[in-house]
Student: 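Below are the structure tokens for one structure; questions will follow.
Counting begins at 1 with the first residue of the sequence. In each ligand, atom 1 is the first atom listed, and ligand 1 is the first ligand listed.
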Amino acid sequence: MNIKSKKQFSTLCAQSGKLSQQIHPHQTPVYATAAFEFDQLTEGTNAFLSQPGTHVYSRYGNPTVEAVAESIANLEGMGVDGQTYAVMTGSGMAAIHLVVQALCRPGDVILTQEDLYGGTTELFFKLFKPFGVDLLTSDFAEEMDLTKLLNKFPIRLIYLETPTNPMLNCVDLEMVCQVATKAGVMVVVDNTFNTPYITRPLALGADLVIHSTTKFIHGHGYSTGGVVVGKSKELIMEKIWTVLKLNGSILSPFEAMLIQIGVKTLGLRIKQQSFNANQLAKYFQEHPKVKKVNYPGLPTHPHHRIAQKQMNAFGAMLSFELDLNLGEIESMLSGLGIGRIAPSLGEAETMIMHPASMSHLRMPEDQKKKFGITEGLIRLSIGLEDVEDQLDAWDSALRAV
Ligand code: PLP
């Protein structure tokens, strides 16, 4: 409707873009606004007094971002008594940084794994160690060893990934959470590889879950984001939210919309991608040219029993080893009719990563040897391509080497 106004050109420009009509969108729109306005000062004061929850400024809270936070909190909260809460960040790294910044102080120790995502290890070493937050590692295999470590060092939090990258080692979350709870130590789980379709660490006793939503949760590779989920309102909506508001590592509402689209099909995608990965893992295991397959769904995997206990499906990530050098791997992959070489995971298309020449390139040789990062090791994030096409593509590629 064109309402005639006596106002001049630039006033009309500045005041433009506002709908007075009440609308009822079926999906949460992208609230692309930096600030929220008030008819009266008292309304503004009340909104500031009830932060977070009401809307004043998008760094403090944005409805599109909150909608996706709630979606993920609900999924991670299945099987948990009571409500769960979540805040979104601009990347997975920002989520990890946020948690450590909110919880750790100089003198605290983080107990974690040696084979953590490389970026997380680098973050702990380069950004937190200089501020007096120390790092200790364990394989979390034995309850007794864990108890001893917790009694001996000023451990503030346990930070875990299961399965790990790229060897897909699994940690018994229930055991670790029970020991940690007894010792009054918090457990934070990076659930990026599994998603809540597969494992819900909060229901197993963890205090916080983080994700790089860049991966399976969004699932299509068009967005970067992160999330922190927990059971304590005070921890998420006061302590962690306050740090997020002040460090400003927030998610944009445009990214939130993209992530929300991904969440709608998360169950279907993970179910199918896990099925495809299972088929491929079995195929690779039978293949005479394959030396080793790392997939927690295989009964031969050293942590298969742990995986059976805490995973509803065995996931879309696997790695396998061939007796080939870098050049041979390169020529095999260049003829492969499926998947793309890319340093990420969790998308609809299969993604191929060669740890020795990509993610673990800078790792010292002795460390690579220790973790089994050989030139013949390939990591796959299995996609939604028909599994028959995937098997055909690998069959031809392996026949040619
Ligand atoms: N956690 C895991 C397990 C990852 O694989 C990654 C990135 O690859 C991250 C966290 C960091 O996420 P982002 O790249 O969204 O910052």
Student: Please determine, by modelled atom types, if Ser138 and Gln113 share a side-chain donor-acceptor pair under 3.5 angstrom.
Tutor: no
Student: Compute the shortest N/O to N/O distance between Leu345 and ligand 1 and return yes if it is under 3.5 Å, no if not.
Tutor: no
Student: Pairing donors with acceptors under 3.5 angstrom, does anything connect the side chains of Asn165 and Asp115?
Tutor: no
Student: Tell me: protein heavy atom nearest atom 5 (O) of ligand 1, and distance?
Tutor: Tyr117 CD1, 3.8 Å
Student: May I ask which of Asp190, Leu123, Thr192 has a heavy atom nearer to atom 1 (N) of ligand 1 than the others do?
Tutor: Asp190
Student: Does the N or O separation between Phe193 and ligand 1 drop below 3.5 Å for any pair?
Tutor: no
Student: Taking only residues two or more places apart in sequence or in another chain, which ones pass salt bridge (Lys or Arg N to Asp or Glu O under 4.0 Å) with Lys152?
Tutor: none
Student: State whether the shortest distance between N or O atoms of Thr214 and N or O atoms of ligand 1 falls below 3.5 angstrom.
Tutor: yes
Student: Does ligand 1 come near enough to Thr224 that some N or O of the ligand is less than 3.5 Å from an N or O of the residue?
Tutor: no
Student: Is the ring centre of Trp394 less than 6.0 Å from the ring centre of Phe284?
Tutor: yes
Student: Looking at ligand 1, does any of its N/O atoms fall within less than 3.5 Å of an N/O of Lys215?
Tutor: yes
Student: Is Lys18 paired with Glu37 through a side-chain N to carboxylate O contact shorter than 4.0 Å?
Tutor: yes
Student: For residues 86-95, dump all side-chain donor-acceptor pairs below 3.5 Å to protein atoms at least two apart in sequence or in another chain.
Tutor:
| residue | atom | partner | partner atom | Å |
| --- | --- | --- | --- | --- |
| Thr89 | OG1 | Ser91 | O | 2.8 |
| Thr89 | OG1 | Ala95 | N | 3.4 |
| Thr89 | OG1 | Gly226 | O | 3.3 |
| Ser91 | OG | Met93 | N | 3.4 |
| Ser91 | OG | Ala94 | N | 3.0 |

Student: In ligand 1, which numbered atoms sit nearer than 4.0 Å to a non-hydrogen atom of Met93?
Tutor: 11 (C), 12 (O), 13 (P), 16 (O)
